[in-house]
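All ligand and atom numbering here is 1-based and tracks the order in the structure. Small disclaimer: the values here were computed from a predicted structure and weren't measured.
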Amino acid sequence: MASPNIVSSSQSSLSPPPATSIASTNGGYESGEIDWDNLGFKVTKTDYMFIAKSSLDGDFEQGQLIPFGNIELSPSAGILNYGQGLIEGSKAYRREDGGIFVFRPQDGAIRMQIGAERMCMPCPAVDQFVDAVKQTALANKRWIPPADKGTLYIRPLLMGSGAVLGVAPAPEYTFLVYACPVGNYLKGATEALSLYVEEEVHRAVCGGAGGVKSITNYAPVMKAMRNAKRKGFTDVLYLDSVNNKYIEEASSSNIFLIKGKVILTPKASGTILEGITKKSVIDIAHDLGYQVEERSIEVEELITAEEVFCTGTALGVAPVGSVTYKDKRIEYKISSEIVSQQLNTRLVGIQRGTIEDKRNWIVEVK
Ligand code: COI
């Protein structure tokens, strides 16, 4: 007597699987009414995202806005299998008078082009990138927080979306821009950062992709971040991978030290991201009469610094309250008088339009 054949019964109906958990969940998006006072830094399902495609050797098509939502990818997509992808970050600001402005989108466009060259990807032209950022901000205008509550974080993403099995550039690319309203990047970010100097995990190596905004720079630091957070630190400060003694950057922000009228930051030479907020802070520091040195900084120099702070698009300018290295905790004064607060006030003033933008950093969206 034939026994029940479980395999053949399931093979006999090759219809698509029923709605899976992927389709039936909300994908982790926050939805509903926005509580502008408690934005934090999380994904919100906004209205539209921008999408454009290109072949490996072609130019990006004009692209279009489509409803925000999941995208379909081949299981062999270059980004899923080999991490061929870059991210960018920009912010849109709503002014008291209702005007909408984006901060330095051209710089993100240029940085994406440099990264795309490193990762063997075609890249949208600068104007195309900037236009997509502006279109995304405008299409999601209702999600831009009131002036004193937060910003609209705009995330351009370039990925190898075509199918590829061997290690090689994907045959097709997708440029996508989405946006979410955000407040503070770190939970409880009114407090200063407490950094843990990591001696085993390195964020980047010489010749690697640490100097560009490759998606592959982020998952490898999550373990160090998780360990540091479990010990009560807010983030990790990474050292260079050759000597294990020069400071590089935190998990997603650049670092600065202040000694008198001199502001120091590690020189970016391939293993440190050229932050747009970092560049802006350097210019503002010059305006305020500080001398800025970009050079190698030994971790021991943290002991003689009067102030330390980190910068990033998502983070802004954030004071560091302590750095812990080899079980020794170095503490820094935090007050409204500290230099990083002055730099932050200037930067935010330019971004929000209350301080003159002498360098054409802000771009109106209308
Ligand atoms: C940014 O600051 O814009 C970043 O890309 C950091 C991040 C959230 C990965």
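- Annotation: salt bridge (Lys or Arg N to Asp or Glu O under 4.0 Å) contacts involving residues 218-239, sequence neighbours excluded, are absent.
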Pairwise, report which nitrogen or oxygen atoms of ligand 1 are under 3.5 angstrom from protein nitrogen or oxygen atoms, and how far apart they are.
from, atom 1, to, atom 2, distance (Å)
ligand 1, 2 (O), Thr313, N, 3.2
ligand 1, 2 (O), Ala314, N, 2.8
ligand 1, 3 (O), Tyr153, OH, 2.5
ligand 1, 5 (O), Tyr153, OH, 3.4
ligand 1, 5 (O), Lys213, NZ, 2.6

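- Only one option out of Ile362, Val130, Val126 pairs with Pro105 in a side chain to side chain contact (heavy atoms under 4.5 Å, CB included); it is Val130.
- One distance of note links OH of Tyr178 with OG1 of Thr136; it measures 11.5 Å at 0.5 Å rounding.
- Within the structure, salt bridge (Lys or Arg N to Asp or Glu O under 4.0 Å) pairs that include any residue of residues 57-69 do not occur (at least two apart or interchain).
- Listed by first then second residue, pairs satisfying salt bridge (Lys or Arg N to Asp or Glu O under 4.0 Å) with a partner in residues 65-91 read Glu88-Arg111, not counting sequence neighbours.
- By the 30° and 60° cut-offs, the orientation of the rings of Phe256 relative to Phe309 is parallel.
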